Amino acid sequence: MPATNGRTKRSEKGLLTPDNCVVALIDHQPQMLFGVAGVDRQSIINNTVALGKAARVFDVPVVLSTVETKSFSGNLWPQIRAVFPEQPAIERSSMNAWDDKNFVAAIKATGRKKIVLAGLWTEVCVTFPSVQAIHDGYEVYVVEDCCGDVSQLAHDNAMKRVIQAGAKPVTSLQVMLEFQRDWAEKDTYDAVMDIVKTHYGAYGVGVEYAYTMVHTAPPTVFPKYVIPSATSHK
């Protein structure tokens with residue numbers, strides 16, 4: 001049965017599909033990342049960008065949200081902005097995105113009851129909206145490798161709390177592969193492999209090796225590095 005976008009409709013039966021969920025990225029901002037400890041911060045950036053790209057590939061609606069951009073947290077990471085160059089982030093003053101009417105309205109407007117959610121910090125910006133969204137009848141999937149907290153204990157306890165509330169822990173790679181589901185789906189295959197080779201380390205290197213050494217495909221060509229020109233600073 002074809003999906004409305006022309007792709008084969010994935011079976012659900014409890015799984016995520018590109019047609020049944022919305023991705024929410026909350027407070028991926030500099031000041032929030034500064035406070036993360038116990039988790040590799042570069043990995044959080046890498047995995048969040050990969051999740052954003054996967055959402056783009058599979059046409060999954062995305063809600064971006066930031067908190068106190070000018071007074072404390074700083075702008076949305078430019079790496080995420082590059083994935084969603086035309087999409088504004090919903091600015092909040094509340095720690096809890098579910099207290100913000102614009103955020104909740106954006107989620108409701110998608111008409112989807114499954115929320116794939118990630119943010120900083122896990123104990124607040126992830127836990128609070130997760131618990132309340134579940135209370136309001138949503139299914140929440142917390143993308144743990146796109147989250148972090150002020151300590152490992154804080155992150156771990158936050159994950160325990162959302163799981164006890166009914167959230168499902170997932171990773172960015174798991175979400176993308178759940179969307180893809182079948183390697184025969186060639187319309188997204190190349191884009192998924194590009195994300196794998198760019199963001200998923202040894203898995204990506206293994207794919208590159210198989211392509212070039214086993215299947216004699218040409219090597220992947222990444223964009224040429226151009227040294228930025230010097231600019232004057234006032």
Side-chain angles (χ1 to χ4, degrees), residues 1-25 28 33 39-64 76-87 110 112 114-119 141-148 168-226:
M1 177 180 175
T4 54
N5 56 14
R7 297 180 185 141
T8 303
K9 185 174 178 62
R10 277 63 161 162
S11 63
E12 294 195 32
K13 299 181 181 179
L15 294 181
L16 294 167
T17 78
D19 306 307
N20 71 7
C21 67
V22 52
V23 172
L25 302 180
H28 288 99
L33 192 64
V39 182
D40 180 58
R41 289 176 283 191
Q42 182 59 46
S43 292
I44 295 175
I45 296 173
N46 175 72
N47 297 331
T48 306
V49 171
L51 177 63
K53 287 182 177 180
R56 286 283 310 276
V57 168
F58 289 95
D59 297 321
V60 177
V62 174
V63 176
L64 306 174
L76 185 70
W77 298 338
Q79 295 93 329
I80 297 178
R81 177 56 60 210
V83 180
F84 305 100
E86 306 300 326
Q87 182 172 340
T110 68
R112 303 183 177 200
K114 297 178 186 284
I115 306 172
V116 178
L117 187 149
Y141 297 74
V142 174
V143 192
E144 187 169 0
D145 62 349
C146 299
C147 304
K168 287 86 168 173
V170 293
T171 65
S172 56
L173 179 59
Q174 180 184 5
V175 170
M176 182 172 70
L177 296 182
E178 205 158 329
F179 290 161
Q180 176 67 27
R181 202 84 64 81
D182 187 342
W183 294 123
E185 296 292 336
K186 297 302 183 184
D187 56 335
T188 52
Y189 179 90
D190 288 342
V192 166
M193 286 296 100
D194 178 71
I195 294 172
V196 166
K197 288 185 284 186
T198 304
H199 294 284
Y200 288 114
Y203 180 17
V205 171
V207 168
E208 179 71 10
Y209 178 86
Y211 275 17
T212 56
M213 305 305 292
V214 179
H215 301 291
T216 64
T220 299
V221 178
F222 286 96
K224 181 180 178 181
Y225 176 66
V226 177

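In this chain, residues are counted from 1 in sequence order. Worth saying up front: this structure is predicted, and the values here are computed from it rather than measured.
- The CG atom of Leu16 sits 6.5 Å away from atom NZ of Lys114, with the distance rounded to the nearest 0.5 Å.
- The shortest heavy-atom contact between Pro85 and Ala82 is CD-O, 3.5 Å.
- Not a single donor-acceptor pair under 3.5 Å links the side chain of Gln79 to the backbone N or O of Asn46.
- At least one side-chain heavy atom of Phe58 sits less than 4.5 Å from a side-chain heavy atom of Arg10.
- The two residues Ile44 and Thr48 come nearest to each other via the heavy atoms O-OG1, 2.7 Å.
- A donor-acceptor pair under 3.5 Å links the side-chain atoms of Glu208 to the main chain of Thr220, judged by distance alone.
- The CG atom of Leu33 lies 9.0 Å from the CD atom of Gln42; values are rounded to the nearest 0.5 Å.
- One N or O on the side chain of Arg181 and one on the backbone of Ser11 form a donor-acceptor pair closer than 3.5 Å.
- Val116 places none of its side-chain heavy atoms less than 4.5 Å from the side chain of Val60.
- When all heavy atoms are compared, the tightest approach of Glu144 to Pro169 is OE1-CB, 4.4 Å.
- For Glu12, there are no salt bridge (Lys or Arg N to Asp or Glu O under 4.0 Å) partners at least two apart in sequence or on another chain.
- For the atom pair CG (Asp190) and CG (Asp194), the distance works out to 9.0 Å, reported to the nearest 0.5 Å.
- Taking the side chain as every heavy atom from C-beta outward, Leu64 and Leu76 approach each other to under 4.5 Å.
- In this structure the side chain of Asn47 never reaches within 4.5 angstrom of the side chain of Thr171, judged on heavy atoms.
- Between Lys9 atom NZ and Thr17 atom OG1 the span is 5.5 Å, to the nearest 0.5 Å.
- The shortest non-hydrogen separation linking Val142 to Cys147 is CG1-SG, 4.1 Å.
- Residue Pro219 comes nearest to Thr212 through the heavy atom pair CA-CG2, 3.7 Å, listed as atom of the first residue, atom of the second, then distance.
- Formation of a donor-acceptor pair under 3.5 Å by the Tyr200 side chain with backbone atoms of Leu173 is found in this model.
- Remark: Phe222 CZ is packed, more than 12 non-hydrogen atoms of other residues, nucleotides or ligands lying under 6.0 Å away.
- Scored by the salt bridge (Lys or Arg N to Asp or Glu O under 4.0 Å) test, Lys53 finds no partners at all (sequence neighbours excluded).
- Residues that satisfy the side-chain contact (heavy atoms from CB on, under 4.5 Å) test with Val57, not counting sequence neighbours, are Thr188, Ala191, Ile195.
- Under the 4.5 Å side-chain criterion, counting only non-hydrogen atoms from C-beta, Tyr141 is not in contact with Val175.
- Taking both residues in full, the closest heavy atoms of Phe179 and Pro18 are given as CD2-N, 3.8 Å, listed atom of the first, atom of the second, then distance.
- Taking the six-membered ring for Trp and thresholds of 30 and 60 degrees, Tyr189 and Trp183 have ring planes more than 60 degrees apart, a perpendicular arrangement.
- The closest donor-acceptor contact from the side chain of Arg56 to the backbone of Leu51 lies at 3.5 Å or more, if one exists at all.
- In this structure, the side chain of Asp145 engages the main chain of Ser172 through a donor-acceptor pair within 3.5 Å.
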